[in-house]
Colleague: 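Pasting a structure here, questions to come.
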Amino acid sequence: GQQVQQSPASLVLQEGENAELQCNFSTSLNSMQWFYQRPEGSLVSLFYNPSGTKQSGRLTSTTVIKERRSSLHISSSQITDSGTYLCAMELGTGYQNFYFGKGTSLTVIP
Amino acid sequence: ETAVFQTPNYHVTQVGNEVSFNCKQTLGHDTMYWYKQDSKKLLKIMFSYNNKQLIVNETVPRRFSPQSSDKAHLNLRIKSVEPEDSAVYLCASSSLAGVQDTQYFGPGTRLLVL
């Protein structure tokens, strides 16, 4: 089964609204990252956050290992935030245990 | 300009052919990666390589192999392509080894196997 579950699958926001994206994992976590994929396909690494909270500008990532979840909070969304947000988790040793979620597709409208 | 460059952008080939994709980074990074993104947009890490160590995802078929001439280049060779190899292949680099560091991605090479 899917080792990493992301929710929601898609989200539409009005510009200025906040968003909370979730990533849940099934077993113990070694490391995790959040990525952003632009609509045209290019990929950007956002956060490496295996535990605790990290912030960068309007983005905040919180990973709670006991609850087996990581969240990405986007505040004051902008149209340019539109795209797909992916979480990736290392759930064991070796790249065969490095799983990506299916992503949350975010659309921000004016 | 410092970035991650990939060629070609797009490649169409037939089953059984050999293909090779190029990746070059001008960021001065020590580690490079190859990822595969399938038609369902699901990403999978395939390899990472620095001047000391190649790490392979054991689920990657053996017809895939990375080739590196120096730390700025990591090419991907597919010996005998199969239809399920149709995907976008993304190259990335990072300063530190392992998946803990910020990675910088190239634009991708889209492969279509007929």
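Computed over heavy atoms, backbone and side chain alike; hydrogens, waters and symmetry mates excluded. Chain letters run A, B, ... following the sequence lines, proteins first and then strands; every chain starts at 1. Fair warning: this is a prediction, and the values are worked out from it, not measured in the lab.
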Colleague: Determine whether the side chains of A:E40 and A:S42 contain a donor N or O and an acceptor N or O closer than 3.5 Å.
Modeller: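 The criterion, which ignores hydrogens and geometry beyond distance, is satisfied for A:S42 and A:E40.
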Colleague: Between A:F47 and chain B, with a heavy-atom cut-off of 4.5 Å, which part of the residue counts as in contact: side chain, backbone, both or neither?
Modeller: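 No part of it gets close to chain B.
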Colleague: In terms of relative ring orientation, are B:F21 and B:Y89 parallel, tilted or perpendicular, with 30° and 60° separating the classes?
Modeller: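 Correct class here is tilted.
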Colleague: Are A:F100 and A:F35 close enough that their ring centers fall under 6.0 Å?
Modeller: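 When the ring centroids of A:F100 and A:F35 are compared, they turn out to be within the sub-6.0 Å range.
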Colleague: Taking side chain as everything from C-beta outward and backbone as N, CA, C, O, which of these in B:L90 sits under 4.5 Å from a heavy atom of chain A? Side chain, backbone, both or neither.
Modeller: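 Contact with chain A involves the side chain of B:L90 alone.
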Colleague: Among side-chain atoms of B:Q103 and B:S94, is any donor-acceptor pair under 3.5 angstrom?
Modeller: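 Short answer, no.
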Colleague: Which answer fits B:V56, side chain, backbone, both or neither, if we ask what part of it has an atom under 4.5 Å from a heavy atom of chain A?
Modeller: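 Backbone of B:V56 only, per the 4.5 Å heavy-atom cut-off to chain A.
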Colleague: Side chain from CB out, backbone as N, CA, C, O: work out which of these in B:Y104 comes under 4.5 Å of a heavy atom of chain A, or both, or neither.
Modeller: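 Neither part.
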Colleague: So what's closer than 4.5 Å to chain B heavy atoms on A:L46: side chain, backbone, both or neither?
Modeller: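 When you check distances to chain B, no heavy atom of A:L46 falls under 4.5 Å.
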Colleague: Quick one: does any side-chain atom of A:T63 pair with a main-chain N or O of A:N49 as donor and acceptor, under 3.5 Å?
Modeller: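 Judged by distance alone, yes, a pair lies under 3.5 Å.
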Colleague: What option among A:P50, A:S45, A:G103, A:A88 has the most heavy-atom pairs under 4.5 Å with chain B?
Modeller: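 Winner by heavy-atom pair count: A:S45.
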